[in-house]
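Everything on this sheet refers to the single structure shown next.
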Amino acid sequence: MVPYSRKTWRDFIDSTRDAIAELGAEIGISDEPERRVKCDKMVFAHYMLGLTLNHTARDWEDEIRAAKECGIDGFALNTGSQDHWLDEQLTLAYQAAERAGGFVLFISFDFAFEWTVQQVVDLINRFKYSPAQCVVDGRPFVSTFEGPQWAENWPLVRQATGGIFLVPDWASLGPHGVAQKLDIIDGAFSWDAWPKGCNHKMGPDEDHRYLQALQIEKPGIFGTPNNKHKYMMGVSPYFYTNLPQWNKNWYCSSESLWYDRWQQILEVQPDFVEIITWNDYGESSYIYDPHRDDQVVPGADAYVKGHSHDAYRAILPHFIQAYKAGKTKAKPREHLEDVAIAWYRRTPASAGHHGETVWGQGGDALAAHGAKDVISVVAITKEENTVTVTLGDGKPREFQTARGSSYFEIPFDENTLGPVRLRLNGQVTEGPDIHCNCEDKVNFNAVVIQVPARR
């Protein structure tokens, strides 16, 4: 009999436990004894329906396929009452999701626009019986972007639709304000997914305050069974917008945001997760690149063109799997390759005019003073490994990864310019160059690459 060291047995036990957890999450079972129930955790992506004027059925099929491939369960369809193509595109979306199977949709009413009760009721009733409609506790899932001023209308909507599962984003009220309306809602969604002004990072404190607020017992005929209100946590990879027509011009620190926020999701373990966003190009928070010029709002093309974000999705299968399995650390999925992604701005923050862009929404400092000139790297590897980053003609920088997920930063400045090369397991991806040639003003958006390259 071959003797095994204690470390060998421990590694065997850990790998077996991880394999069981992965299988459990696939079929809806958690490996933790107190949580051996059907897994109802879901991950959605916030989808801007207003950018789909010329979308075809094929467009919807392609995007749903891409979302499913990285583990996303459905789209939250941000819907504004002013869009004349709303009915057509909602129909195409639901039809595509029905054909795809295993993918859900729900309407997120955007209360930056005016809605009547009848409009809301009609849309819910129209799609509530679709096989692709997201349903929780037997009721169609419904969300919002803001709209606390409309709160007293939701009981009328419930009555006219036969019941809904309402999880609005009322972030303007904060956790304390939301706690005053638990008899109207079934849960809460927090849009708080970026660092505040003049802050490089954010923590999960606000998420914990929401969880505490949602546990307050406040019985009402519209509450969920046993007064258990759900929490949907927001996660975003990036934020930069410069759209003077809407008085928007700020950058939120995003150097480590995509990694940090997923780590916080694993810590908090919310009921649902919503990625902000799938396709909001005007705010640089997209994880799916535009395929037509008319998908990008006027003015945003200047900072979106040439700045692919598709590679942000490469790490999602691993983090989503860990979240659904109730893990506190991301573990690589056995049937997937090791992967690394890198995101970076293409110029130093001081390379051109700052464009009056401020650091964070409502910030009182310039983004050029807060944006860090770094290449951000996330790697997910099955074992300890080496990731190499080379900038231009500079010396390759090697980083040792841990088993699971790792994060690194590589600084750059006016003296370290050129293309970015990312190497893992003998494969290399070369990304666009970092330079100092700002034609107008600094572009605070990032470009994202991955290795292995997307196929």
Side-chain angles (χ1 to χ4, degrees), residues 25 41-48 51 59-77 96-97 100 102-105 193 233-240 254 256-263 265-266 272-281 283-291 295 304 306-324 330-333 335-344 375-381 387 404-407 420 422 424 427 429 431-432 445-455:
K41 293 178 180 176
M42 287 185 280
V43 176
F44 310 112
H46 197 79
Y47 192 108
M48 305 301 290
L51 302 178
D59 291 324
W60 282 109
E61 290 166 357
D62 289 347
E63 294 189 38
I64 288 171
R65 184 182 307 110
K68 289 183 65 177
E69 286 174 353
C70 63
I72 293 172
D73 297 296
F75 287 150
L77 298 172
F103 194 81
V104 297
L105 304 172
M233 186 169 166
V235 55
S236 184
Y238 211 86
F239 195 101
Y240 166 58
S254 305
S256 61
L257 180 62
W258 194 224
Y259 179 77
D260 291 345
R261 196 62 177 154
W262 274 107
Q263 294 292 105
I265 284 169
L266 299 185
F272 309 113
V273 173
E274 187 164 323
I275 297 168
I276 314 171
T277 64
W278 181 259
N279 66 333
D280 195 338
Y281 307 112
E283 297 186 346
S284 306
S285 59
Y286 54 98
I287 62 171
Y288 186 86
D289 293 343
H291 288 247
Q295 292 177 272
V304 171
H307 289 70
S308 173
H309 283 199
D310 277 347
Y312 275 132
R313 302 199 305 272
I315 62 173
L316 283 179
H318 310 279
F319 278 105
I320 291 175
Q321 183 69 46
Y323 158 65
K324 290 187 175 182
K331 299 291 184 183
R333 296 186 66 166
H335 66 286
L336 295 179
E337 296 180 275
D338 290 354
V339 65
I341 68 172
W343 64 98
Y344 54 94
I375 301 166
S376 304
V377 178
V378 172
I380 297 184
T381 56
V387 173
S405 62
S406 305
Y407 176 80
V420 175
L422 186 64
L424 175 65
Q427 300 185 65
T429 295
N445 192 10
V447 64
V448 193
I449 62 174
Q450 72 178 76
V451 61
R454 294 179 63 245
R455 296 181 176 89

Margin query: Could you go through V378 and W343, starting from their C-alpha distance and side-chain angles, then the distance that decides it, and tell me whether this counts as side chain to side chain contact (heavy atoms under 4.5 Å, CB included)?
Written below: CA-CA 9 Å; V378 172; W343 64 98; 3.7 Å; yes

Note to self: If I compare all heavy atoms of A97 with all of L105, which pair ends up nearest, and what's the gap?
What the structure shows: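 Closest pair (atom of A97, atom of L105, distance): CB-CD1, 3.8 Å.
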
Next item on the list: For D62, enumerate each residue passing the salt bridge (Lys or Arg N to Asp or Glu O under 4.0 Å) test, keeping only those at least two apart in sequence or located in another chain.
Entry: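 Only R58, R65 meet the salt bridge (Lys or Arg N to Asp or Glu O under 4.0 Å) criterion with D62.
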
Notebook entry, point to check: Can you check side chain to side chain contact (heavy atoms under 4.5 Å, CB included) on M48 and Q295, steps first, answer last?
Noted result: CA-CA 10 Å; M48 305 301 290; Q295 292 177 272; over 6 Å; no

Quick one: does any side-chain atom of [X] pair with a main-chain N or O of [Y] as donor and acceptor, under 3.5 Å?
X: R454; Y: I449; result: no
X: H309; Y: Y288; result: no
X: W262; Y: V235; result: no

Notebook entry, point to check: Using the benzene-type ring in the case of Trp, are the ring centres of W258 and Y238 under 6.0 Å apart?
Noted result: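 No, the ring of W258 stays outside the 6.0 Å limit from the ring of Y238, centre to centre.
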
Next item on the list: Take T381 and L424, measure what side chain to side chain contact (heavy atoms under 4.5 Å, CB included) needs, and give me the verdict at the end.
Entry: CA-CA 10 Å; T381 56; L424 175 65; 4.3 Å; yes

Identify all side-chain donor-acceptor contacts of residues 69-76 below 3.5 Å with residues at least two apart in sequence or on another chain.
| residue | atom | partner | partner atom | Å |
| --- | --- | --- | --- | --- |
| D73 | OD1 | K324 | NZ | 2.8 |
| D73 | OD2 | V43 | N | 2.8 |
| D73 | OD2 | K324 | NZ | 2.8 |

Item checked: Set of side chain to side chain contact (heavy atoms under 4.5 Å, CB included) partners for S285, sequence neighbours left out -> S236, T277, D280, E283

Next item on the list: Could you pull out all residues at least two apart from A314 that satisfy side chain to side chain contact (heavy atoms under 4.5 Å, CB included)?
Entry: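 V339, I341, Q450.
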
Non-neighbouring partners of [X] that pass side chain to side chain donor-acceptor pair (under 3.5 Å), sequence neighbours left out:
X: S406; answer: none
X: N279; answer: none
X: Y47; answer: H55, E63
X: R313; answer: D310

Next item on the list: Could you check L316 against I287 for side chain to side chain contact (heavy atoms under 4.5 Å, CB included), going step by step and ending with a plain yes or no?
Entry: CA-CA 11 Å; L316 283 179; I287 62 171; 4.1 Å; yes

Note to self: Ring of Y323, cation from K41 - is the NZ or CZ under 6.0 Å from the centre and inside 45° of the axis?
What the structure shows: yes

With sequence neighbours excluded, tell me which residues meet ring pair (Phe, Tyr, Trp, His ring centres under 6.0 Å) with [X].
X: Y259; value: Y407
X: Y281; value: Y286
X: F239; value: W194, W250

